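Read through the structure below, which is laid out as structure tokens, and then see the notes.
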Amino acid sequence: MRAWSAPEVPALPATGPEVSLFDHATGDVVSTGSEGQRRSLYVCGITPYDATHMGHANTFLAFDLLNRAWRNAGHEVDYVQNVTDVDDPLLERAEKVGVDWRELAERETELYRTDMEALRVISPLVYAGAVESVPLILEMIGELERAGAVYRVDDDLYFSVSADPRFGEESRMSREEMLAIFPERGGDPDRPGKKDPLDPLIWLAERPGEPSWPSPYGPGRPGWHIECSAIALEYLGAGFTVQGGGSDLVFPHHEMSASHAHAAGKEFARIYTHGGMVGYDGEKMSKSRGNLVFVSALRNSEVDPMAIRLVLLRHHYRTDWEWTDEQLFDAVDTLADWRRAVALGRGAQAAPVVETVLGALADDLDAPRAVAAVQAWVDATLGTDGLAETSDPTAGEQIAALVDAALGIRL
Ligand code: 5CA
Ligand code: ZN
């Protein structure tokens with residue numbers, strides 16, 4: 001599937017430090033460094049039945065910061081993202097609004113692409129839909145079947161979590177916690193005939209009126225977790241660097257995706273990292289609750305996407321927070337100051353700011369610290385009467401390049 005156009009990213013004069021990141025599986029901030037120059041990232045993408053909201057934007061921006069931090073540290077980055085273009089919520093919404101599910105998915109995916117472009121998010125090298133990935137998914141189900149990890153309930157196929165001795169390593173949840181969350185996140189613990197209530201569906205036999213694809217197991221469609229497992233392993237290979245997504249995916253989604261790989265005798269990600277949940281009006285922003293602030297709606301009312309980006313960057317990616325319009329108004333004013341300061345050309349010394357910003361981002365993507373360092377430079381530059389002896393003749397240019405390359409904000 002086509003991704004979106006990548007923004008131009010200026011090269012920086014300085015190289016950033018090696019990046020460290022919080023890993024959910026170990027509970028520690030760990031180095032993302034490993035052998036070689038390549039780093040690889042898989043981020044769980046949208047289910048395209050509605051427009052991109054601030055929660056989605058926050059997650060994709062967090063991993064855009066990682067992509068940028070790696071590039072600024074001199075690495076090449078293989079970035080893959082999926083789009084869940086066939087799944088229950090998409091089919092339900094299509095039915096409800098009387099639109100063909102393919103048309104709904106294509107329309108919302110296209111809107112998402114324009115939102116990502118406007119927010120200057122670097123596009124993935126591979127943007128893979130579930131539908132186009134059915135052959136890969138069937139191959140992986142075959143591998144799991146040969147490993148004895150698959151069984152039938154009626155005509156549906158389930159994955160046996162007991163086939164993975166490492167099951168639970170990613171989320172580090174107790175069985176009780178898993179059992180409590182599983183039904184809220186698409187699981188069906190009570191279905192008769194399952195070997196373990198936590199076993200997830202990997203192939204759903206054709207239901208009347210729903211799309212299906214032929215398979216050796218009968219016509220049907222893929223389960224959700226196997227989609228990400230198969231796509232990540234195909235395009236990034238076993239043992240890729242980071243699996244990313246929002247914290248709503250810690251369990252079961254990322255646990256099951258990893259488990260499928262383990263049961264097939266493969267490593268999955270080295271590090272599991274999650275963005276915090278963005279709320280609005282007291283609750284997690286979600287399509288099912290309907291408490292949404294859409295990126296496209298703000299863009300349609302002439303809001304500068306760079307101001308949206310700045311609002312998100314002012315929160316550490318791992319924290320949960322609430323969107324308010326005041327933060328947006330404030331970001332609009334801040335951006336105006338930043339633009340005024342870099343337009344002066346000459347300003348306070350830029351080199352220490354470059355070092356602080358790259359260092360903050362390499363330290364578990366500490367964007368608020370990076371933003372504060374830029375703000376301090378802006379305050380010093382705008383507060384300077386005339387040209388101080390220590391002023392830097394090309395500071396404006398350097399800071400603009402830094403803010404663009406590291407934070408993704410074009411001034
Ligand atoms: N297609 C699946 C992932 S394979 C999915 O979760 N789709 S989604 O459209 O519901 O979410 C897309 C991405 O945004 C996921 O990484 C999800 O974790 C993240 N996300 C969803 N809601 C929020 C929110 N309120 N705050 C932060 N991130 C969110
Ligand atoms: Zn996923």
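Bear in mind that the values here come from a model prediction, so they are computed numbers and not experimental data. Numbers here are sequence positions counted from 1.
At least one side-chain heavy atom of Val295 sits less than 4.5 Å from a side-chain heavy atom of Met54. Counting only heavy atoms from C-beta outward, the side chains of Trp213 and Leu138 never approach each other to under 4.5 Å. Taking 4.5 Å as the limit, some side-chain heavy atom of Leu328 sits within range of a side-chain heavy atom of Val303. Counting heavy atoms from C-beta outward, Pro7 and Ile122 have side chains that approach closer than 4.5 Å. A heavy-atom distance below 4.5 Å is found between the side chains of Thr52 and Met116. Looking at Leu365 and Phe22, their side chains never come closer than 4.5 Å, going by heavy atoms from C-beta outward. His53 places none of its side-chain heavy atoms less than 4.5 Å from the side chain of Trp323. In this structure, Thr241 and Leu41 have side chains that are not in contact, with every pair of non-hydrogen atoms separated by 4.5 Å or more.
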Working for side chain to side chain contact (heavy atoms under 4.5 Å, CB included), residues Arg113 and Met1: CA-CA 11 Å; Arg113 290 186 186 106; Met1 180 175 288; 3.5 Å; yes
Steps toward side chain to side chain contact (heavy atoms under 4.5 Å, CB included) verdict (Glu76, Trp70): CA-CA 7 Å; Glu76 283 177 51; Trp70 271 337; over 6 Å; no
Chi angles and distances behind the side chain to side chain contact (heavy atoms under 4.5 Å, CB included) call for Tyr317, Leu65: CA-CA 10 Å; Tyr317 80 96; Leu65 290 180; 5.8 Å; no
Test salt bridge (Lys or Arg N to Asp or Glu O under 4.0 Å) applied to Asp196 and Arg175, step by step: CA-CA 11 Å; Asp196 184 319; Arg175 211 178 141 78; 3.1 Å; yes
Salt bridge (Lys or Arg N to Asp or Glu O under 4.0 Å) assessment of Arg299 paired with Asp115: CA-CA 8 Å; Arg299 289 201 290 119; Asp115 286 337; 2.7 Å; yes
Residues Lys266, Glu234; criterion salt bridge (Lys or Arg N to Asp or Glu O under 4.0 Å); working and verdict: CA-CA 12 Å; Lys266 293 172 185 166; Glu234 170 73 11; over 6 Å; no
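Glu169 and His262 are not linked by any side-chain donor-acceptor pair at a separation below 3.5 angstrom, with hydrogens and angles left out of the test. Looking only at atom types and distance, the side chain of Arg346 has a donor-acceptor partner in the side chain of Ser391 under 3.5 Å away. Between the side chains of Thr84 and Glu227, at least one donor-acceptor pair of N or O atoms lies under 3.5 Å. In this structure, a donor-acceptor pair under 3.5 Å is present between the side chains of Glu177 and Ser174. In this structure, a donor-acceptor pair under 3.5 Å is present between the side chains of Glu18 and His75.
Atom CG in Leu407 sits 6.5 Å away from atom CG in Leu402 (nearest 0.5 Å). With rounding to the nearest 0.5 Å, the separation of CG in Leu233 from SG in Cys228 is 10.5 Å. Put simply, CG on Leu335 and CD1 on Ile308 are 11.0 Å apart, with the number rounded to the nearest 0.5 Å. Note that CG of Leu382 and CG of Leu344 are 6.0 Å apart. Values are rounded to the nearest 0.5 Å. Distance OG/Ser247 to CG/Asp320: 5.5 Å, rounded to 0.5 Å. If you take CZ on Phe63 and CG on Asn58, they are separated by 10.0 Å, rounding to the nearest 0.5 Å.
Proximity of a side-chain donor or acceptor of Arg68 to a complementary backbone N or O of Ala405 within less than 3.5 Å is detected. At distances below 3.5 Å, not a single donor-acceptor pair connects side-chain atoms of Gln81 with backbone N or O atoms of Val43. Under a 3.5 Å cut-off, the side chain of Asn82 and the backbone N or O of Gly45 do form a donor-acceptor pair. A distance-only check finds a donor-acceptor pair linking the side chain of Asn291 to the backbone of Lys284 [under 3.5 Å]. Counting only distance, with no hydrogens or angles, the side chain of Arg207 and the backbone of Ala205 share a donor-acceptor pair below 3.5 Å. Checked by atom type and distance alone, the side chain of Ser215 pairs as donor or acceptor with a backbone atom of Tyr217 at under 3.5 Å. Glu255 places a side-chain N or O within donor-acceptor distance of the main-chain N or O of Ser171, the cut-off being under 3.5 Å. A donor-acceptor contact shorter than 3.5 Å is absent between the side chain of Arg185 and the backbone of Leu249. With hydrogens and angles disregarded, no donor-acceptor distance shorter than 3.5 Å links the side chain of Thr273 to the backbone of Gly244.
A distance of 6.0 Å or more separates the ring centres of Tyr79 and Tyr42. Aromatic ring centres of Phe167 and Phe159: separated by at least 6.0 Å. Between His254 and His24, a ring centre-to-centre spacing not shorter than 6.0 Å is recorded. Separation of the Tyr49 and Trp101 ring centroids does not fall under the 6.0 Å cut-off.
Looking at Asp156, Asp188, Asp199 one by one, the single match for salt bridge (Lys or Arg N to Asp or Glu O under 4.0 Å) with Lys194 turns out to be Asp188. No option in Gln375, Arg314, Arg339 other than Arg314 meets the side-chain hydrogen bond (donor to acceptor under 3.5 Å, both in side chains) test with Thr334. Each of Asp87, Asp50, Asp100 was checked for a salt bridge (Lys or Arg N to Asp or Glu O under 4.0 Å) with Arg93, and the lone residue meeting it is Asp50.
In summary, Glu110 and Arg107 do not engage in a salt bridge, as defined by a charged side-chain N under 4.0 Å from a carboxylate O. One finds a salt bridge joining Arg120 and Asp404 here, because a Lys/Arg side-chain nitrogen approaches an Asp/Glu carboxylate oxygen to under 4.0 Å. Glu132 and Arg2 are not joined by a salt bridge, as no carboxylate oxygen comes within less than 4.0 angstrom of a charged side-chain nitrogen. In this structure, Arg221 pairs ionically with Asp88, as a charged nitrogen and a carboxylate oxygen lie closer than 4.0 Å. The residues Arg38 and Asp78 are annotated as salt-bridged, a charged nitrogen and a carboxylate oxygen being separated by less than 4.0 angstrom.
When all heavy atoms of Asn72 and Ala406 are compared, the pair lying nearest together is ND2-CA, 3.7 Å. Residues Ala51 and Leu111 approach most closely at CB-CD2, 3.5 Å, considering heavy atoms. The shortest heavy-atom contact between Trp377 and Ala341 is CZ3-CB, 3.8 Å.
For Glu355, the CD atom sits in a loose shell: 12 or fewer heavy atoms of surrounding residues, nucleotides or ligands are nearer than 6.0 Å. Environment of CD in Glu322: crowded, with over 12 heavy atoms of neighbouring residues, nucleotides or ligands closer than 6.0 Å.
Between Tyr158 and Tyr151, the ring planes lie parallel to each other; the angle is under 30°, not in the 30° to 60° tilted range.
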